[in-house]
Each structure stands twice: as structure tokens, then as C-alpha cells.
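For reference, the structure discussed in these notes is given below.
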Amino acid sequence: MGLEINHKIGKEISGVSFHKSIVPHTDGRRIIYCKSCLMPNSRPRVYFDEKGVCNACRNAEGKRLIDYDQRKSEFLSLIEPFRSKDGYWDCIVPWSGGKDSSSIAYKLKYEYDLNPLLVTFSPMLPNEVGNQNREALINKGFDHLFFRPDQRVHRILAKRFFVERGNHKIAWDAGVNAIPVKMAVKLKIPLVFYAEHGESEYGGKVLDEESKRTRDFTEVIEHQIGDDPRNWVTDEVKEQDLNPYVYPELEEIEAVGVKAFYFAYFHRWSMFENYKYIKSKHNFKTNPKGRTCGTFTDFDSLDDKLDDLYFYMQYIKFGFGRCVRDTSRFILNGQMTRDEALELCKKYDGEFPADYLDEVLEYLDLSKEEFHKILDMHRNDEIWMKNDDNWTLKFPLE
Amino acid sequence: MLRNRLITVLTFNNGVLFRTKNFFPDYRYTLNFVDAWSIDEIVVLDISRKGSGDRENFLKAVEKFALNCFVPLSAGGGVKKTEDFKKLLNKGADKVVINTEAVNNPELITKASRLYGSQCVVVSIDAKKQAKGKYEVYVECGTRATGKDPVSWAKKVQEFGAGEIMITSIEKDGSLEGYDNELNQMVSEAVNIPVLVCGGAGNWQNFVDGINIGKASAVCTTNIYHFAESSIQSAKKYMVNKGINMRVS
Amino acid sequence: MIVIIDYGLGNLKSVLGAVQRLGYEVVISHSVDDLEEAEKLILPGVGAFGDGIRNLKDINLIDPLNELVLKRKKPVLAICLGFQLLAEESLEFGHNKGLGWINATVEKINPDGEDIRIPHVGWNDLFVKNESILWEDVPAGTLFYYTHSFHVKCKDQDIVIGMCKYGIDFVAAIQQQNIYATQFHPEKSQYYGLCVLKNFLEKA
């Protein structure tokens, strides 16, 4: 009895069972949930203090003490030297057409009198709601640069990272970060306004106070993308295919003097408030299904058919889905109680993204069987257990 | 001729695979498709802080790697005596990495290389840059300064009988910015045993620089995303194109 | 059943893993009964020559091994230090006598040029000297993993089936009737290492 060795078998040997058995987990590592919001300790980089409250909640508490009038004057002094004197664009807003980036764009133009250029890195699978919301804001008076990356390459990378990391949006993340700054450098536009600093707002690692205000790109590479996009060259993806994903060199950025800031640092920030704001400005369309899959909201992150799967993979890997994420944000902003949140999450969290499944499978070039196999391989053993054919959370929400 | 090596270093905290930044466990790496056919060697290190380590789970990890990866495996972390060597070798490691104890008790290097062969003994040196371009060796996961200079310590370590040296820049750890090749070169040129460089590997050019500028025999990466088969192949192809002799499949 | 000889030295687990992965029934043992029952033997080894030979003596395996391998021609694959132990003597840490199964001595790798670091660690080329079942399906230019400071200098060139170069040209592998040996570690040489191992297990 001998195993025929060839590369194909080699792949199988080093594929499923091999991978599954290699990385150990600590039996009995308890998953606990923040006493204030619903975030579990399985979230990467979240930190719980001795009272069992997560750093996102502590950050929110701290924010209540912020003097936003003072922050606003800080903002005004910040933008003044960059304000265009000849009508040229003076700032870029990385823009999806959603409530957050649209609110920023609108305020920058109509409250602060700046001249923003909206730059969109195309959703992977754009949908009607997204298109309509973008068009509606453009109708209110905005210049817009829409970048859609090479889809042959984008699909290859989406599939690769879905398989390797359980996240098909890695390359998209890289693009969303790189393109606006690339445009700022090429078009010599000095300011880029991002929304909020995810690490401090939602439970992550805060490098220092300044990183809440000024965007630190190494942080994005380390935490979100995890690797330099230039490393993604393979037989199918060449160096020139990676232009959309590679951040400009620091020297180039400094030569133009581009600076990137978080708008949310200077203004009271809540996704619900942003939604109400933009709805008052134009006919902002919400999810036509009435409620987004996996959550209770109908107004957040609506523009990509692949987003439902993204949040579902978050659920698979970390045990918390879109509802936990949204309700926790509401709790942070005093817009919901923990009990109300718990009820909603028990209903909606972890809902399977059935709606666009066919398109997702086509985009990722996977059969249904392959898809489910890969999905299950990304289940974290510390949080999932299998009873017969059903997967259940070892430590359900409480 | 002998090829340069690309080595994956995996750090375990309490038995769980963790990324580190400046030597602190940063966050838990989630499960990943790791395919080990193209990697040249694997190093697994237990970086659990004193007293908090769950040694059993780490040893299980060593065993699982040994049984499933047909590639050289080095293991280390908290090794204090030759019995610890034996334990790791019995679990399937080919080489044992020692760090703090090499400083506290250099005879361990000699004893272990006598017992198990020098090729079994890898001494890991962690260094931090000080003022005026000097470096200092730190131990205990980068928390305790020793007053030693990495170059003279490296020479001593070779004398004591180590088979290989692994040099890591503490500041560069987890930074993705590239190695500290000044440090690497100093240590590499001071000894006549293979030197593995670690700390800061970000893009493939960093690996090339580690060998050309840092004069390394082998370049290490602690980034789990570099462990995927497509990444390793991509990295090696890049390195070969830049004239580095690598094993390519 | 395959028996991996346990004489207290070396990472037996990796060899065990490799043989198991190839689908063979295998045990790690130093009991003479097991050795007698075995279809084939593997003599691994990582460590110093002197300790290796002394350990074999201490557990009284030298005579049984001589009987099984030299007289009864049981196929044996010796790896790394195991290979070195087959020699007549070694110059590692003084003068030590080996098993004497092959006409060879073990000497330090003396580097010719500069930039040669000892021990020889890493992946290096195999130059096939003579045909052997070990090389079946192994393409030209295959690399294997080495980690050693000493090499086996063979007086009898006929048994040499593979060579390697590191400073000097040294013997990578030999085959003398039922005795096979490699300086490299097949269990650590990934895909083609497993191939070599499989060839021994299947065809020797």
C-alpha cells in the first residue's frame, strides 16, 4: 500500500484535514461579551477591562466629554490653509454613496464651503440602491470620479482571499484605501477625509491619540489588509495588475503634501445620525427588502451584493454578525439599550446570506459544495461546535 | 549550491497562534489555509509570558507540525535545560531555539550541542537599537536589557557551539517595513555559522534586501499571510528574479 | 511492518509521520523482536557520532543489527547521522569506531572558499552518480535538505549513488546491496523527499 505522490494528492494531503489539525485552539477559552455592548472578546484586537467593558465602549464614554465646539474650531483651522483659492478641488472624499461618506461630502461642500472631489472605488457587485444613492447625491452638485478595477483580477483576488482568509474583500479594502490617496497625489489635491477611525470606535488597537485624528496607513496595512498588495503577484496576476491596490510611496505623498484625516474626530459621529442627516438632504434609498440580511437596519452598507457574505464570514470566524455590530454601535451612541439589542440579535444575527448567493458563487467561481466546504473550514473551533449536522455557538450571546 | 532559505516563524501565546508587534502578542490569527509544500523551514515559538504559558497546547502544536509537515521544524520558547531540548526533539522538532537561557547560562549551548549536535542548537538574539546607532541585546521576550552588544554576543554564541543564529529586530517586529539590515549585516559578518534574520518582513523586496544587504543565510517572516502556498511561491519567484538562489517547486 | 530504530537520538517523530503518511504500518522500537519481524529498517539520527555508537552499544543492538543487515540482508535506510554510523570510523570529537558496514570514514566538511558557513544547513542540489531505485521519479535538479557538519568519505566509489557540493564535493547517498543511506533528510525534504522514502519502502 503506497500513496501515489503527485502534486494533486500533495494538495489534498496539505489541504483540508492537514490544515484543520495544524493550528491548535485552547479548549475552554471562554468567549465573553462586553457588559455594555454586545461585542465578544473574539473580535481581533478588542480589549476588555477588569469590569468586562470593551475598549469601544470606554472610547464612547470618553467621547461624551469631548468639546466638539473646540474640535470644530480645530477643524476650521486645519482646513483653512488648504481651502482652494482658484476653484480647484481642495479635498477628496472616499465615497461609496452611503450615509457616512455622503454626509461628510455634503457637510464639506455646503457647510464648510470646500470643494470636494468624490472618489469611489467601485463596489464589487454594484446594486441598484447603491447606484441610485450615488446619482442622487451627484444631482445635488458634486464632481465624481468612479474607479472600477479590472474585474478579471479582482475576481481572482476575491476568490483567493475568500479561500485563504475567509474574506473576499481584502483586495477591495486595499483598493478603497489606495485609490483615493493615489488620486490625491496625482491630481495634487491636498486633503483626504475619511470617516471614522475604526480601531478606536469599534474596539481595536489604538496606536496613539494622533492616530484617531490622522490616518496612519501602516495601521491599515497591518490590521485590515495584513500584507503588502505588491506581494499578490502570481502567474495569473502581474505587477501591473496591482496598480489599484498599491498605496503610493510615502515620498510621493509628502511631495504633494497630502494629508488624510478622520472627519469623525472633529464632529459628533453616529451612523444613525448620519442616516437621518443625508435623508433630509436627498431621497436616500434604503434596503428595498425593508431590512438588511443579518441585522435590523435598512440604511447601512447597502451598495454591494457581496456585503451580506462579508458580514456572514465575520460571524463564521468570530462568532458575531452584522446585527451585533449594528446594535453595539447603537448602544455606544445611547440609541438603544443592551436588552433591546439582545432581542434583535437573537432574531437576526448570523442570518445566512441567501439573497445573492447565486451571484456570489458566480463571482467567486465556486460551486455550492466548494463554497460550503470553505466556509466551514473558516469556523473558529473555539466558538463553534457541531451537533449532528448543525453548527452551534459554544458560547451564545448573553 | 546551497540555497538561501525562506522561513516561516509562528508565535504561540498560551497555545494559540498570535501575531506580535514589538514582541507583544497583538492579536490572534484566525485559522488559515496553510499549505506547507513550498516553505523551506518552519519555526514555532512559544511566546507566552512567564507563568502564563499553557505549555501542553504548545507541545501539541509542535507534534502536529512534526507529523504533518515534511519540512525542517525548529521549536523554542522558554527552553531552560537539556531536558527541554529532549522534550521538543521527542515531539518531532529538528532544532531547538534558545534565547534568554543562552544569556543566563551559556553552558547550555555547549551542553546541548554536545548532546544533540550543533545543528540542533539555534540561538535566537533579540536586539533593540539604542542611541548613536548602537544595539543592545534584550531577553525575556524583549523586556529585559542585558547590556550586551549583539555582535560580540553572536561571536560568543558561535564559540559556545551554536549551529545557527536567529537575529531579530525588536522595533521592526510586526511593522511590515522591512528588516533592520544594518543589524543583520553586523551579526552575519561577525560569525561563520548560518544566520537567520527576522523582524519586519513586509514585501518580497524586503527578503531580497535581507539577503543582499543583511547578508542573511535565511530570511524569516512572522506574517501568517506569507505562509499560504501562493504567497510563498510568489515570494520565491520574485527573489529568484532578483538573482537570489532559492528552492523553487 | 517498518521499524524505525530508536537509539535515543534524533527526531523519530518526523520519520514516523512521513512513513505513516505514505501508508505503511510503522513502529519506533529498539526491541530485537521488532527488528527481526520488520520488513525493512530505518536508522535515523541527529546528534554526535560518539553518542550514537555508544547508545547502540548500550542497548545491545550492534550484534543483532550486524546479523539482520549484513547476514540476513534486511533492507535498511540510514539517514544523516545514521549514514555516518555505517562508516568504519569518525573524526568527530576524537576517534570513534562506527558499524563498519561501508568502507568509509567520517570527516569534517572543510570549506575551500570563504563564505562557507558550517554546519551545512539548507536545501542543496543532488547530483546523481549512479542509478538507484531511490532516484526513481525524482527529476534532475531536485533539492534535498541537509543539516550536518561532517560528511562520509567513501573509499569505495561504486556504492556512491549521489553527490552534493558544499565547498567540497561530498557523498549525498549510497547503496550497497540492501544498505541504503542518505546524508540528506528525506523526511524533511518535502515532496521529493517523500518520493525517495517511498521508493525505499516500496522497492528495496
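Just so we're on the same page: letters track the sequence lines, and every chain starts at 1.
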Original post:
Is any side-chain heavy atom of B:Asn223 less than 4.5 Å from a side-chain heavy atom of A:Asp227?
Top reply: yes
Subject >> Any B:Lys237 side-chain heavy atom under 4.5 Å of A:Asp235 side chain >> reply: yes
Original post:
Is it the case that more than 12 heavy atoms not belonging to B:Gln130 sit under 6.0 Å from its CD atom?
Top reply: yes
Original post:
Does atom NZ of A:Lys159 have more than 12 heavy-atom neighbours, drawn from other residues, nucleotides or ligands, at distances under 6.0 Å?
Top reply: yes
Original post:
Just wondering, are more than 12 heavy atoms of other shown residues or ligands nearer than 6.0 Å to CD in A:Glu252?
Top reply: yes
Original post:
Between the side chain of B:Ser234 and the main-chain N/O of A:Val233, is any donor-acceptor distance below 3.5 Å?
Top reply: yes
Subject >> Within 6.0 angstrom of A:Tyr247 OH, more than 12 heavy atoms from elsewhere >> reply: yes
Original post:
Going by heavy atoms in the side chains, are B:Gln233 and A:Thr234 under 4.5 Å from each other?
Top reply: no
Subject >> Interatomic distance, B:Tyr225 atom OH to A:Trp232 atom CH2 [nearest 0.5 angstrom] >> reply: 11.0 Å
Subject >> Contacts of B:Ser231 that satisfy side chain to side chain contact (heavy atoms under 4.5 Å, CB included) - sequence neighbours left out >> reply: A:Arg160, B:Trp204, B:Ala228
Original post:
For the atom pair CZ (B:Phe227) and CD (A:Glu164), what is the distance rounded to the nearest 0.5 Å?
Top reply: 12.0 Å
Original post:
Quick one: side-chain hydrogen bond (donor to acceptor under 3.5 Å, both in side chains) partners of B:Lys95, sequence neighbours excluded?
Top reply: B:Glu41, B:Glu164, C:Tyr145
Original post:
Between A:Asn231 and B:Gly202, is there a donor-acceptor pair closer than 3.5 Å when you use the side chain of the first and the backbone of the second?
Top reply: yes
